[in-house]
J.: 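This is the structure, below, for whatever I ask next.
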Amino acid sequence: MTEIVLPNDTNVFGSLMGGRLMYWMDIAAAIAAQKHCNAPVVTASVDNISFENPIKLGNTVHIEAKVSRAFNTSMEVHLKVWGEDFQHQYKYKSNEAYYTFVALDPNGKPRPVPSMTPETDGEKKLFEGALRRRQVRLILGGKMKPDDATELKALFTQE
Ligand SMILES: CC(C)(COP(=O)(O)OP(=O)(O)OC[C@H]1O[C@@H](n2cnc3c(N)ncnc32)[C@H](O)[C@@H]1OP(=O)(O)O)[C@@H](O)C(=O)NCCC(=O)NCCS
């Protein structure tokens with residue numbers, strides 16, 4: 001997704017508002033998830049987002065969203081965001097994030113999604129890490145006991 005930062009998108013410092021960016025990210029990520037599962041999706045959770053660099057008025061925002069792993073009814077989407085200053089011809093990183101979506105059936109109940117197979121080294125790394133990130137989310141959301149997060153625990157117990 002590509003957007004241009006217009007005056008109504010900015011804060012008092014002339015930079016893109018975080019809330020507007022998160023809205024665009026939600027849309028881009030939802031489209032990626034829907035393309036993967038061919039079904040309507042809802043946002044289940046959004047991981048921590050740190051804004052590394054402000055995106056200035058008049059600059060362009062690029063958002064790249066890819067499904068990093070599909071589970072049973074949910075999908076993790078990895079997003080990369082960067083700004084581009086056409087006038088001075090440079091690009092700069094804004095942030096990265098993970099959004100989780102759940103596919104719903106016509107009755108609004110979670111429905112299974114197709115699995116996915118990572119191909120590149122980068123995709124494999126994201127795929128592998130997705131299991132641990134999912135466990136963090138479910139623990140924080142009160143849907144998993146820390147004791148059941150085997151892969152996450154292994155990070156702290158490996159020799
Ligand atoms: C997300 C939602 C569909 C989950 O429904 P649920 O009845 O709690 O379903 P379940 O507990 O069976 O979980 C369904 C899936 O959601 C995932 N999930 C639930 N809570 C989650 C969370 N906090 N973070 C990440 N994934 C979560 C589960 O892991 C499961 O995925 P899986 O099948 O791949 O393992 C439901 O809570 C919902 O509709 N929330 C509102 C969504 C919404 O309106 N979003 C817009 C923002 S307001």
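All of these numbers come straight from a predicted model, not from anything done at the bench. All values below were derived from every heavy atom in this structure, side-chain atoms included, with hydrogens, water molecules and symmetry-related copies excluded. In listed order, ligands and their atoms are each counted from 1.
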J.: Nearest protein heavy atom to atom 37 (O) of ligand 1, by residue and atom, and its distance?
T.: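 Residue, atom and distance for the closest contact: K143 NZ, 4.8 Å.
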J.: Mark yes or no for whether N11, through its side chain, and G14, through its backbone, hold a donor-acceptor pair below 3.5 Å.
T.: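 It does hold such a pair.
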J.: When you measure from the side chain of H36 to the backbone N and O of V67, does any donor-acceptor pair fall under 3.5 Å?
T.: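 No, the answer is negative, given that no donor and acceptor are paired below the 3.5 Å cut-off.
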J.: In a check of salt bridge (charged side-chain N to carboxylate O under 4.0 Å, His left out) between E76 and each of K66, R133, R69, which one passes?
T.: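 Only one of K66, R133, R69 forms a salt bridge (charged side-chain N to carboxylate O under 4.0 Å, His left out) with E76, namely R133.
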J.: To which protein heavy atom is atom 16 (O) of ligand 1 closest, and what is the distance rounded to 0.1 Å?
T.: V102 CG2, 3.2 Å
J.: Would T73 count as a polar contact of ligand 1, with the cut-off being nitrogen or oxygen pairs under 3.5 Å?
T.: yes
J.: What protein heavy atom sits nearest atom 21 (C) of ligand 1, and how far off is it?
T.: L138 CD2, 3.7 Å
J.: For atom 25 (C) of ligand 1, what's the nearest protein heavy atom and its distance?
T.: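 Nearest neighbour among protein heavy atoms for atom 25 (C) of ligand 1, to 0.1 Å: S45 OG, 3.4 Å.
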J.: Regarding atom 45 (N) of ligand 1: of the candidates V42, L140, T43, which has the closest heavy atom?
T.: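 Nearest option to atom 45 (N) of ligand 1, by heavy atoms: T43.
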J.: As a test of the contact definition, would atom 30 (C) of ligand 1 count as having a protein heavy-atom neighbour under 4.0 Å?
T.: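 Under the 4.0 Å cut-off, atom 30 (C) of ligand 1 does have protein heavy-atom neighbours.
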J.: Does at least one non-hydrogen atom of R134 fall below 4.0 angstrom from an atom of ligand 1?
T.: yes
J.: Tell me whether V81 shares a hydrophobic cluster with I31, the cluster being built from Ile, Leu, Val, Met, Phe, Trp, Tyr side chains joined at under 4.5 Å.
T.: yes
